[in-house]
Structure formats: structure tokens, C-alpha cells
**Q** 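I'd like to ask some things about the structure below.
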Amino acid sequence: MAFDWFRRRFTEQSQPEAGSEKPTEAAQQPEPAAPEPAPEDYLAFAKAAYANLKAREASQAAPVAAPPPEVASTPAPAEIPRESSAPASVETPVSTPEPEGSQPATPVVEERPAESAPAQPVATPAFFDLAPRAAERLEALEASAIAEPEPVADTLSSPPEASSEAPVEELVFDEGFRWSAEILAAQGRRPEEISAEEISWLQKLRQGLGKTRLNLINQLKALVGRGPIDQDAIEEIEMVLLQADVGIDATERIIQALQKRMREEVLPPEEAVKYLKQQMRQMLTIGDPTFAPQRDRLNVWLIVGVNGAGKTTTIGKIAHVAQGSGYKCLIAAADTFRAAAVEQLKVWGERAGVEVIANPGQNTDPAAVVFDAVMAAQARGTELLLVDTAGRLQNKKNLMEELAKIRRIIDKKAPEATVEALLVLDATQGQNGLRQAQVFAEAAKLSGVILTKLDSTAKGGIALAITQQMHLPIRFIGAGEGLEDLRPFSSYEFVEALLSEY
Ligand SMILES: Nc1nc2c(ncn2[C@@H]2O[C@H](COP(=O)(O)OP(=O)(O)OP(=O)(O)O)[C@@H](O)[C@H]2O)c(=O)[nH]1
């Protein structure tokens, strides 16, 4: 299992089948997908995840405090038995304040045999599983419940070395939290597994795509809100998609699919959005979603892209994850055009704990640096060699020659290596980024894309344009300047962040 540390922490969720609406564990079985869990199940899940995180914070903030009441895990909505007509069998944790505007779910107490507690104790309290000693626990709980949530520094989501610099976000039970918890629940996660950094990641992704989402949703709602989708509506949806930087090819494909679906049946509004999500997810899923370096052999990842797209930062993030997953990793500073670029890469290498191979002279031949790095990698049994390359677009011919030369050196010196050429693309550049990508595609024999700056005002439609116009898979996404702000691309999460209703 490559990148298993990465997969364990961020990619446990099942990658949805292209057509499945909300991937649940059931979605991986041949049986028909489970019916959509009810909204109150998701609300109960979110409350449980929130209570669990607050309890974790409290126990970390007050090491001497009495250990939190022993709790057991409770089924996530996706696992809630289908025959259960009653709301989710989860008790609303008494210490979680009712978020304003939500209908407090009637606490449903399900007496469950003690053995339903997890075999091994959960690392941190999940939420209150009211087993036979319910009254006793409730009393203890009420005695220790916090009437009002005290704003507590959310130290869970930012790595310790960053928390001293970055402002600490408070963990609040707002709609962003509820949406993030629902996304994780729909992928089969359990409340007790949810970490604050996963919630914060999804919130950043949703915020970064907020502008595109609001445009898309508001305009789609206005269109489909007029009842069945007719030809006029189709043309207007076409405009909406093009404005969202989806690109011509992807737009045409979506419109054709909608028209075909419409010939089968009239589409009510919510079905139209659901169908749109399904189409987008299918279009975003190219190749093997579990992309990772192969173990016990040399993988060489050429990282290409224009200046400022986020190459150096992304190399630091990938090195950090690879190191954390137990890979022997090395970085080659082959962007010799700017001395500062080498220095900057060394800083990221230091942060990730990965050595950087560079040539001290300025403007040295990048191919020479790559030659040295490949020799060093082979001598050390390196598994992942990340090669930073120059991002100048000024002279396409030079760029192409330089990348082609680097590629020849690698193919000659390490014919056994698995080589990837990954284009780093700044998502805020929208269609402009695509034009840059096409230049690199010719020069570097690209095999994938890494979309960065999704936490800024990203033009989310660009992801569809990349897969449909360039036929390239999106391998990772970056949403922040920190070491942890990189995740494998999840078409499910991305489409939900792009078209979520709230
Ligand atoms: N908000 C945000 N900023 C990012 C992200 N990735 C990179 N950046 C910032 O973008 C700027 C450029 O990042 P670099 O990694 O230096 O970009 P580069 O492609 O290496 O640029 P050159 O070194 O000039 O070739 C820096 O300020 C980064 O902190 C991201 O995911 N989100």
C-alpha cells in the first residue's frame, strides 16, 4: 500500500464509483446502493463528530482533568441499518449546544448491549453510547457538561510548528462543519475517526470554490427552479458552465448528457442537480484514483509549471507526505534559472526532512543536476525522487528543449524508474492556466496535474477542463501554504464542494 500513511489519514474513504451519488461502504458491494440517509442522520453524525473533537480538545487542553466518559463508537449514517425508520440511533450529546436554527433531533436512546463498544478502546472519546448504565453516565456527563462552548484554540488542525505562526481557528459547529461532516459520513467514515484537520481541509476547499459554487448553484436553481429543463434552460446552463471556467469540451459533454437524459424523462430541479453532479464526477475520474509511488523501486516525479504556480511548495508537501509514509525520498533542484528557487527548495526540503541535491553554481545546467540526483538516488535506494524544474514560459522552445533533455537523462540513467511528469496548475488562473498547461503538455509528456491554491478564489471549473480537454488525471490538490495542505484528488469531495446546496 503506497502512501499508506497518506491513505490512512486522508484517503480512507472509498473512491466513489463514477455513477454513485453518495459513496457509502455499500457502494463498494455489488448490492444496490443504500438509500440516502435522512438529513437528521447527518446532523446527528455532525453533532457526534463535533462533540468528539471538543472532548478531544478538552482532554488535550486539561491533561489532569478526569478522563472523559468512556464512549463507544456509533454507526455512521452510511452504516445505519436501512430498516431503521427511527432517526439515527445516536444520542444527541448533552454537552453540544444546539446550533441555532437546527431542529434539535429528539434524542433517541437505543439501549445497546455493552459489547457493542468497540473491541479496542477508541483513541479519543466518540460520543455517548447509552449502554445499560445510561442514567449514571448521563449524571456524570451533566455534571461535567459545559453550558456554553468556550472558544478553544483549535490546535488539532494546524501542525504544531505552524500553530505558533498561523492564527488558530476556533472549531465551531457551523454550516461549514456540518457540510464537511456530511461529506465524510457519506464516504463511510465514523464520527470518532473524524479529525479537526480533515474538517478544516474540507472547509477550505468549499470556501475556495465558494465563488464558483454560488454562481453555479444560484443560476442552476433559477433555471431548474422553473420546472422541467427545456431547451432554453439547456442553453442557459451552457452559459453558466462556460462562465465557471468548465471549458468548451466539458460543457458540451455535460449538455449532451443532460439532453439525452431529458429525452428519457422530465427532470425535476433536485434531480437535475444530482444528475449534473454524477456527470461531473464521472468526467473528473480518470485513471487510478489510488495514485502513489511504487514501493521498493525508483519513482521519478518531474514537477513542472509556470513560476508562481506552487511547484516548490507542492514538492515540499509531497516530500512531507512521502517521508511520513516511510518512503526514501530525495529532491533535485533543477530549477537553476533562479538562485532563490534553489534556496527556497532547500527550506522546504528541511521542513519535510528530505535532502535536496543542488549544484552550487548559478545557472548551471539543469540536466547536470538531474544526472547527479539520479546517481545519488540509485546509490541510496531512493524510492521517490522529486525534480523541481524551471517555470519560465518566456521562451517555449528553450523550455521544451530543457525538459526534453532532462527526460532523456532520466530515461538513459534510470531506465528502470517509473517516471511521472506532473503539471502544477494554479486553480485561481482558470482558463489561463489551461493555456499554460497546453505548452507544458507538449514539452514534458505530462502524465497528471496537481491543482493548487484551491483555498483561494479558485475557478473550480478548470478541473473539468483539465480532464476533458487535456485528458489528464488530477492527482493531488493543494489548498493552503502549509506542509499538510495537500490531499489526493477526490472527485466526490470536489464536486460536492462545487455544487453543494448550502
Ligand atoms: N493560498 C495558497 N498559496 C499557495 C499554495 N501553493 C503555493 N502557494 C503560494 O504561492 C506562491 C508561489 O509558490 P511557489 O511554490 O514558490 O511557486 P513556484 O511554482 O515554485 O514558483 P517559482 O519558484 O517562482 O517557480 C507562494 O507564496 C506560496 O506560498 C496553495 O495551495 N494555497
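Both ligands and their constituent atoms are indexed starting at 1 by order of listing. Below, each value reflects all heavy atoms present in this structure, side chains not excepted, and no hydrogens, waters or symmetry copies.
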**Q** Given side chains that start at C-beta, do those of L454 and L209 come closer than 4.5 Å, heavy atoms only?
**A**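 Yes, at least one pair of side-chain atoms sits under 4.5 Å.
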**Q** Please list the nearest protein heavy atom to atom 6 (N) of ligand 1 with its residue and the distance rounded to 0.1 Å.
**A**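 Result: T313 CG2, 4.0 Å.
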**Q** For K317, counting its heavy atoms only, list the atoms of ligand 1 lying under 4.0 Å from any of them.
**A**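 Listed by number with element, the hits are 31 (O).
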**Q** Identify the closest protein heavy atom to atom 22 (P) of ligand 1: which residue and atom is it, and at what distance?
**A**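 Ranked first by proximity to atom 22 (P) of ligand 1 is R338 NH2, 3.4 Å.
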**Q** Using a plain distance cutoff, I'd like to know if T452 has any nitrogen or oxygen under 3.5 Å from a nitrogen or oxygen of ligand 1.
**A**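 No, there is no polar N/O contact under 3.5 Å.
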**Q** Once you round to the nearest 0.5 Å, how far does CG of L451 lie from CZ of F494?
**A**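 Those atoms lie 6.0 Å apart.
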**Q** Please state which protein non-hydrogen atom is closest to atom 9 (C) of ligand 1 and give its distance, to 0.1 Å?
**A**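 For atom 9 (C) of ligand 1, the nearest protein heavy atom comes out as E481 OE2, 3.7 Å.
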**Q** Might you point out which heavy atoms bring L205 and A497 nearest each other, and give the distance in Å?
**A**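 Residues L205 and A497, closest heavy atoms: CG-CB, 4.0 Å.
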**Q** Specify side chain, backbone, both or neither for L454, according to which of its non-hydrogen atoms lie closer than 4.0 Å to ligand 1.
**A**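 Neither part.
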**Q** Against heavy atoms of V306, which atoms of ligand 1 measure under 4.0 Å?
**A**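 Matching atoms, with element in brackets: 19 (O).
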**Q** Would you mind checking which non-hydrogen protein atom is closest to atom 18 (P) of ligand 1, with the distance to 0.1 Å?
**A**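 Of every protein heavy atom, K311 N, 3.4 Å lies nearest to atom 18 (P) of ligand 1.
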**Q** Which option, G482, A340, G480, owns the non-hydrogen atom nearest atom 30 (C) of ligand 1?
**A**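 Comparing heavy atoms across G482, A340, G480, the nearest one to atom 30 (C) of ligand 1 lies in G480.
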**Q** If you compare all heavy atoms of A292 against all heavy atoms of Y327, which two are closest, and at what distance to 0.1 Å?
**A**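 In this case the closest contact between A292 and Y327 is CB-OH, 4.5 Å.
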**Q** Considering heavy atoms of the protein only, find what lies nearest to atom 21 (O) of ligand 1 and give residue, atom and distance to 0.1 Å.
**A**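 Here the nearest protein heavy atom works out to G308 N, 2.8 Å.
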**Q** Is there a heavy atom in G305 that sits closer than 4.0 Å to ligand 1?
**A**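 Flag not set, G305 not near ligand 1.
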**Q** What part of K204, side chain, backbone, both or neither, has a heavy atom within less than 4.0 angstrom of ligand 1?
**A**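 K204 to ligand 1: no contact under 4.0 Å from either part.
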**Q** Can you check side chain to side chain contact (heavy atoms under 4.5 Å, CB included) on V374 and Q378, steps first, answer last?
**A** CA-CA 6 Å; V374 169; Q378 287 170 326; 3.9 Å; yes
**Q** If hydrogens are left out, which of V304, T312, D455 has an atom nearest to atom 1 (N) of ligand 1, that is, the closest non-hydrogen atom?
**A**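 Nearest heavy atom to atom 1 (N) of ligand 1 lies in D455.
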**Q** Checking a contact table here: which protein heavy atom is nearest atom 8 (N) of ligand 1, and how many Å away?
**A**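 So the nearest neighbour among protein heavy atoms is K453 CE, 3.8 Å.
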**Q** With side chains defined as the heavy atoms from C-beta onward, is the minimum distance between Q187 and S490 less than 4.5 Å?
**A**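 Yes, at least one pair of side-chain atoms sits under 4.5 Å.
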**Q** What is the distance from atom CD1 of I183 to atom CD of E493, rounded to the nearest 0.5 Å?
**A**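 Output value for this atom pair is 7.0 Å.
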**Q** Within the 4.5 Å heavy-atom criterion, are E175 and Q203 side-chain neighbours or not?
**A**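 A side-chain contact under 4.5 Å is absent here.
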**Q** Distance from D372 atom CG to T364 atom OG1, nearest 0.5 Å?
**A**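 If I round to the nearest 0.5 Å, the distance is 9.0 Å.
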**Q** Under 30°, 30 to 60°, or over 60°: which ring-plane class applies to W301 and F476, parallel, tilted or perpendicular?
**A**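 The arrangement is tilted - the two ring planes meet at 30° to 60°.
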**Q** Considering only non-hydrogen protein atoms, determine which one is nearest to atom 17 (O) of ligand 1 and report residue, atom name and distance to 0.1 Å.
**A**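 Residue, atom and distance for the closest contact: G310 N, 3.0 Å.
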**Q** Tell me, which protein residue and heavy-atom name are nearest atom 16 (O) of ligand 1, and how many Å apart are they?
**A**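 For atom 16 (O) of ligand 1, the nearest protein heavy atom is Q344 NE2, 2.8 Å.
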**Q** Distance under 4.0 Å to a non-hydrogen atom of S456: what atoms of ligand 1 satisfy this?
**A**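 With S456 as reference, the close atoms of ligand 1 come out as 1 (N).
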**Q** With heavy atoms under 4.0 Å as the rule, classify the contact between A479 and ligand 1 as side chain, backbone, both or neither.
**A**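 Just the backbone.
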**Q** Within the distance-only criterion (no hydrogens, no angle test), does the side chain of T467 pair as donor or acceptor with the backbone N or O of M283 below 3.5 angstrom?
**A**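 Between the backbone of M283 and the side chain of T467 there is a qualifying donor-acceptor contact (under 3.5 Å).
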